[in-house]
*Asks:* 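The structure's right below; bear with me while I get my questions together.
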Amino acid sequence: MIKTVKRGEVYLANMDTGVQGVLIVQNNRGNLFSPTTIVLEIKDTQIDYFSLRTIDKSRLIKRVGQLITYQMEQVSQEMASVILGVREPALV
């Protein structure tokens with residue numbers, strides 16, 4: 001089981017719909033101490049901002065990449081916009 005994950009990493013994960021890409025969005029402190037992590041699903045190479053969910057780290061299969069700081073800043077802005085209902089998300 002993968003225990004150490006970091007914000008911005010991309011993993012393949014066992015999701016309800018099968019194996020799928022996910023982006024870790026939980027902060028690193030939470031990731032260090034929790035058996036779960038917060039993710040956004042990646043569908044057709046696009047982040048699905050409406051798929052924010054908490055999953056057990058045991059669902060993570062393998063790390064396949066990581067977003068750079070600038071990309072994660074964009075993700076954070078889009079997440080805030082979607083959660084607050086300010087606007088529909090852009091495609092990242």
Side-chain angles (χ1 to χ4, degrees):
M1 177 176 89
I2 298 169
K3 292 183 180 182
T4 305
V5 299
K6 292 185 178 177
R7 180 175 168 82
E9 291 181 331
V10 177
Y11 281 84
L12 290 179
N14 285 316
M15 303 301 280
D16 298 335
T17 57
V19 174
Q20 185 168 327
V22 296
L23 172 65
I24 308 294
V25 294
Q26 178 168 280
N27 67 58
N28 290 335
R29 184 170 176 84
N31 284 325
L32 183 63
F33 295 106
S34 177
T36 62
T37 189
I38 302 170
V39 300
L40 288 171
E41 294 178 17
I42 300 172
K43 298 178 180 174
D44 299 323
T45 70
Q46 308 236 337
I47 297 168
D48 180 358
Y49 289 95
F50 295 102
S51 68
L52 185 69
R53 61 189 289 189
T54 301
I55 64 169
D56 194 280
K57 289 179 188 171
S58 66
R59 289 181 167 223
L60 300 175
I61 300 169
K62 143 181 165 177
R63 183 180 182 270
V64 293
Q66 181 167 348
L67 273 61
I68 59 174
T69 303
Y70 173 75
Q71 291 169 318
M72 275 310 295
E73 288 171 1
Q74 285 183 310
V75 168
S76 294
Q77 290 174 1
E78 292 298 326
M79 280 180 21
S81 294
V82 170
I83 291 168
L84 296 174
V86 176
R87 61 183 166 82
E88 292 294 312
L91 300 177
V92 176

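We're numbering straight along the sequence, starting at 1. Bear in mind the structure is a predicted one, so any value in this text is a computation, not a measurement.
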*Asks:* Drop me the distance from Thr37's OG1 to Lys6's NZ, to the nearest 0.5 angstrom.
*Replies:* 13.0 Å

*Asks:* Arg59 vs Val39, test: side-chain contact (heavy atoms from CB on, under 4.5 Å). Steps then yes/no.
*Replies:* CA-CA 11 Å; Arg59 289 181 167 223; Val39 300; over 6 Å; no

*Asks:* What pair of heavy atoms forms the shortest contact from Leu23 to Ile42, and how long is it?
*Replies:* N-CD1, 4.1 Å

*Asks:* Can you name the salt bridge (Lys or Arg N to Asp or Glu O under 4.0 Å) partners of Lys43, sequence neighbours left out?
*Replies:* Glu41, Asp48

*Asks:* Quick one: pull up CG in Leu52 and CD1 in Ile38 and give me the separation to the nearest 0.5 Å.
*Replies:* 6.5 Å

*Asks:* Measure across Val5 and Asn31 and return the closest heavy-atom pair with its distance rounded to 0.1 Å.
*Replies:* O-CB, 3.3 Å

*Asks:* Counting N and O atoms only, with roles assigned by atom type, does the side chain of Arg7 sit under 3.5 Å from a partner on the main chain of Asn27, one being a donor and the other an acceptor?
*Replies:* no

*Asks:* Could you tell me the separation between the CG atom of Leu67 and the CD atom of Glu73, rounded to the nearest 0.5 Å?
*Replies:* 11.5 Å

*Asks:* With a 4.5 Å heavy-atom cut-off, do Leu60 and Ile55 have their side chains touching?
*Replies:* yes

*Asks:* Are the side chains of Thr54 and Gln26 in contact, using a 4.5 Å heavy-atom criterion?
*Replies:* no

*Asks:* With a 4.5 Å limit on heavy-atom distance, are the side chains of Ile47 and Glu78 in contact?
*Replies:* no

*Asks:* Applying salt bridge (Lys or Arg N to Asp or Glu O under 4.0 Å), name anything that partners Asp44, two or more places apart in sequence or on another chain.
*Replies:* none

*Asks:* Are Val25 and Phe50 grouped together when hydrophobic residues (ILVMFWY) are joined by side-chain heavy atoms under 4.5 angstrom apart?
*Replies:* yes

*Asks:* Is there a side-chain contact (heavy atoms from CB on, under 4.5 Å) between Thr4 and Leu32 once you walk through the steps?
*Replies:* CA-CA 6 Å; Thr4 305; Leu32 183 63; 5.6 Å; no

*Asks:* Which atom names give the shortest non-hydrogen contact between Ala13 and Val22, and what distance separates them?
*Replies:* CB-CG2, 3.9 Å

*Asks:* Please determine whether side-chain contact (heavy atoms from CB on, under 4.5 Å) holds for the pair Val75 and Gln71, giving the CA-CA distance in whole Å, both sets of side-chain angles, and the decisive distance to 0.1 Å.
*Replies:* CA-CA 6 Å; Val75 168; Gln71 291 169 318; 5.6 Å; no

*Asks:* Among Lys62, Arg63, Lys57, find the residue that satisfies the salt bridge (Lys or Arg N to Asp or Glu O under 4.0 Å) test when tested with Glu9.
*Replies:* Arg63

